[in-house]
Amino acid sequence: MLDPNYVRENLESVRTALAARNFSPEALDHFAELDAERRRVNSEADDVNHERNNASKEIGALMQAGKTEEATAKKASVAGLKERQAELEKLRDEADAAMRELLSGLPNLPAADVPFGADESANVEIRRWGTPRKFDFEVKDHVDLGTELSILDLERAAKVAGSRFAILNGDGARLERALINFMLDVHTRENGYKETQPPLIVNRDSLFGTGQLPKFEEDLFTLTDSRGFSLIPTAEVPVTNYHRDEILDAASLPMKFVAYTPCFRSEAGSYGRDTRGLIRQHQFEKVELVKLCLPEESEKEHEELTANAERILQLLGLPYRTVVLSTGDMGFSARKTYDIEVWLPSQQTYREISSCSNCGDFQARRMGTRFRRSGGGKPEYVHTLNGSGLAVGRTWIAVVENYQQADGSIAIPDALRPYMPGIEQISKV
RNA sequence: GGAGAGGUAGCCUAAUUGGUAAGGCAGUAGUCUUGAAAACUACCGCGGGUGACCGCUUGCAGGUUCGAGUCCUGUCCUCUCCGCCA
């Protein structure tokens with residue numbers, strides 16, 4: 001959520017920023033009048049409240065003094081206040097709701113150093129690590145490799161659940177589990193994150209807080225239960241909302257959480273994209289990194305979080321590149337995002353395996369997550385960051401494809417050996 | 001699922017037949033001190049205002065009332081017991 005005071009004072013630059021994000025700047029056409037109306041109605045309602053409070057206090061004093069007749073007269077004189085107050089409160093609620101509706105639909109503003117552009121073609125590569133391996137045989141993709149090794153069964157997954165689901169078997173399931181444990185261990189032991197295991201179902205307030213609602217309802221799996229529950233599309237939702245509606249001590253920042261969870265996405269609107277294999281599923285495993293930090297430290301923390309995610313690929317020996325997303329390619333809540341893309345030999349290209357975003361105070365304002373500096377003063381909004389560390393299913397793909405051997409078996413990367421004792425490669429059984 | 005008890009600011013605890021949230025701890029600043037502690041003074045839920053001040057706040061949402069922590073209805077959460085269950 002954008003700061004209404006900021007929007008009021010920077011209306012034109014906000015308009016420009018929205019256009020850069022492919023959002024219609026016309027959403028702001030009614031901001032000024034709506035804002036003025038809201039403040040006018042609010043102060044008027046305050047005035048009537050004041051009047052009413054004073055009258056009630058006087059009546060109370062008269063009653064205690066035993067002057068019941070004067071109290072009764074006073075009561076009669078304030079009889080009309082109640083209706084006026086009800087009217088004004090109704091107006092105020094409507095004005096507040098209208099402003100909230102307007103603001104809650106606006107995306108975050110891009111940071112100043114985000115490249116301007118309409119879509120992913122304007123993303124800028126900022127670094128590259130590792131060298132794609134040269135194969136002296138014809139490479140297969142993870143679907144062929146996995147199916148032939150009987151570690152991946154997409155056909156039966158389609159029967160049991162539907163399309164965009166997968167079943168991992170044997171050493172394939174083992175590899176997935178090894179990756180999860182490996183990632184959690186690196187982030188908790190080396191990178192200083194606190195492991196947390198959140199609910200996989202969240203309420204609507206949490207989804208509003210991180211920005212999935214109100215605009216992206218169709219991306220979610222929502223339960224028919226009357227409580228408005230949804231399956232989490234990412235652990236970012238339950239973990240970032242952990243301190244919703246709280247005022248934190250500045251000394252407790254930064255907070256660094258790592259969570260492994262399954263994620264559920266309806267992928268409505270992505271028909272025809274990435275339909276083959278494990279790339280885009282309705283259910284996938286992810287290890288997520290989340291930070292809450294001081295505003296002045298979020299850029300530094302963002303760089304560090306991205307490096308923490310990259311570290312996993314380095315340890316696994318998987319070539320990757322890191323790009324900064326353009327204004328047109330960023331997600332709703334982000335002010336700056338780095339995508340980490342891993343090399344996939346079958347596609348001869350780099351594919352997204354992690355997205356690391358600095359959300360500034362955008363989510364914190366929606367969630368009401370604030371902190372107080374030592375020495376007192378007004379509470380301020382924290383900055384929130386999140387990033388995949390990493391998407392486990394896509395890491396599985398990258399390992400299988402990059403470590404494939406001429407006979408169709410998969411070598412296990414050194415870093416994973418402790419997690420798959422006794423298994424040096426996955427071969428046909 | 002059934003029965004009961006509860007929810008007051010970061011924590012703990014009050015509030016006459018309804019009369020407008022008292023106090024303690026922790027915390028921050030200051031006085032004193034070589035320094036610290038202790039003691040003392042001030043601040044110490046949220047928002048707005050340069051300010052005197054104003055509005056909001058007893059889990060949440062309604063209702064009754066001039067006035068609700070208190071009375072009524074609904075709802076969420078926690079705890080205890082029973083049932084069920086991994």
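Proteins come first, then strands; the chains are lettered A, B, ... in the order of their sequence lines, and each starts at number 1. As the structure is a prediction and not an experimental result, all values here were calculated from the model.
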(request) For K57(A) and A21(B), give me the distance from atom NZ to atom C1', rounded to whole Å. (result) 12 Å

(request) Rounded off to whole Å, could you give me the CG-to-P distance for the D245(A) and C77(B) pair? (result) 16 Å

(message) Can you work out whether P379(A) or R92(A) has the more 5'-proximal nearest nucleotide on RNA chain B?
(response) P379(A)

(message) Tell me whether the side-chain N/O atoms of R370(A) come closer than 4.0 Å to OP1 or OP2 in G45(B).
(response) no

(message) I'd like to know if K74(A) pairs up with E70(A) as an ion pair, taking the criterion as any Lys NZ or Arg NE/NH1/NH2 lying under 4.0 Å from an Asp or Glu carboxylate oxygen.
(response) no

(request) Using whole Å, report how far CZ of R8(A) lies from C1' of G48(B). (result) 11 Å

(message) Closer than 3.5 angstrom, by distance alone: can the side chain of R335(A) be matched with the main-chain N or O of N358(A) as a donor-acceptor pair?
(response) no

(request) Could you state the atom-to-atom distance from CD1 of I59(A) to C1' of G19(B) in whole Å? (result) 11 Å

(request) Quick one: look up who G18(B) pairs with, Watson-Crick or G-U, both distances under 3.5 Å, and put none if it's unpaired. (result) none

(message) Taking the minimum atom-to-atom distance to the side chain of S56(A), which one of U20(B), C54(B), C56(B) wins?
(response) U20(B)

(message) Whole angstroms only, please: what is the CZ-C1' distance between R40(A) and G55(B)?
(response) 17 Å

(request) Determine which nucleotide pairs with U28(B), using a 3.5 Å limit on both distances of a Watson-Crick or G-U wobble pair. (result) A42(B)

(message) I want to verify a distance call: between G55(B), G45(B), G67(B), whose nearest atom is closest to the R372(A) side chain?
(response) G45(B)

(request) Rounded to whole angstrom, note down the C1' distance from C76(B) over to U65(B). (result) 26 Å

(request) Take atom C1' in A42(B) and the same atom in G47(B), then report the distance between them in whole Å. (result) 23 Å

(message) If the test is side chain to side chain donor-acceptor pair (under 3.5 Å), which one of D339(A), T337(A), T384(A) qualifies with S357(A)?
(response) T337(A)

(message) Checking base pairs now: Watson-Crick or wobble, both atom distances under 3.5 Å. What partners U80(B)?
(response) A3(B)

(message) If you assign G60(A) and F229(A) each to the RNA chain B nucleotide with the nearest heavy atom, which residue ends up on the more 5' nucleotide?
(response) G60(A)

(request) Whole angstrom is fine here: how far is it from CZ in R52(A) over to C1' in G19(B)? (result) 14 Å

(request) Could you give the distance separating A9(B) and G30(B) at their C1' atoms, to the nearest angstrom? (result) 25 Å

(request) Take atom P in U58(B) and the same atom in A68(B), then report the distance between them in whole Å. (result) 11 Å

(message) Does D47(A) reach a base, just sugar-phosphate, or nothing at all? Heavy atoms under 4.0 Å.
(response) nothing

(message) Applying the Watson-Crick and G-U wobble criteria at under 3.5 Å, what pairs with U73(B)? Answer none if nothing qualifies.
(response) A61(B)

(request) Provide the distance between the two P atoms, one in G7(B) and one in G51(B), to the nearest whole Å. (result) 37 Å

(message) Looking at R156(A), I'd like to know if its CZ atom is crowded, meaning that more than 12 non-hydrogen atoms belonging to other residues, nucleotides or ligands lie closer than 6.0 Å.
(response) no

(request) Calculate the interatomic distance between R244(A) atom CZ and C77(B) atom C1'; express it in whole Å. (result) 13 Å

(request) To the nearest 0.5 Å, tell me how far L175(A) CG sits from L416(A) CG. (result) 6.5 Å

(request) Please state how far atom CG in N53(A) lies from atom C1' in C56(B), giving the value in whole angstrom units. (result) 10 Å

(request) Using a strict 4.0 Å threshold on nitrogen-to-oxygen distance, state whether D35(A) and R38(A) make a salt bridge. (result) yes

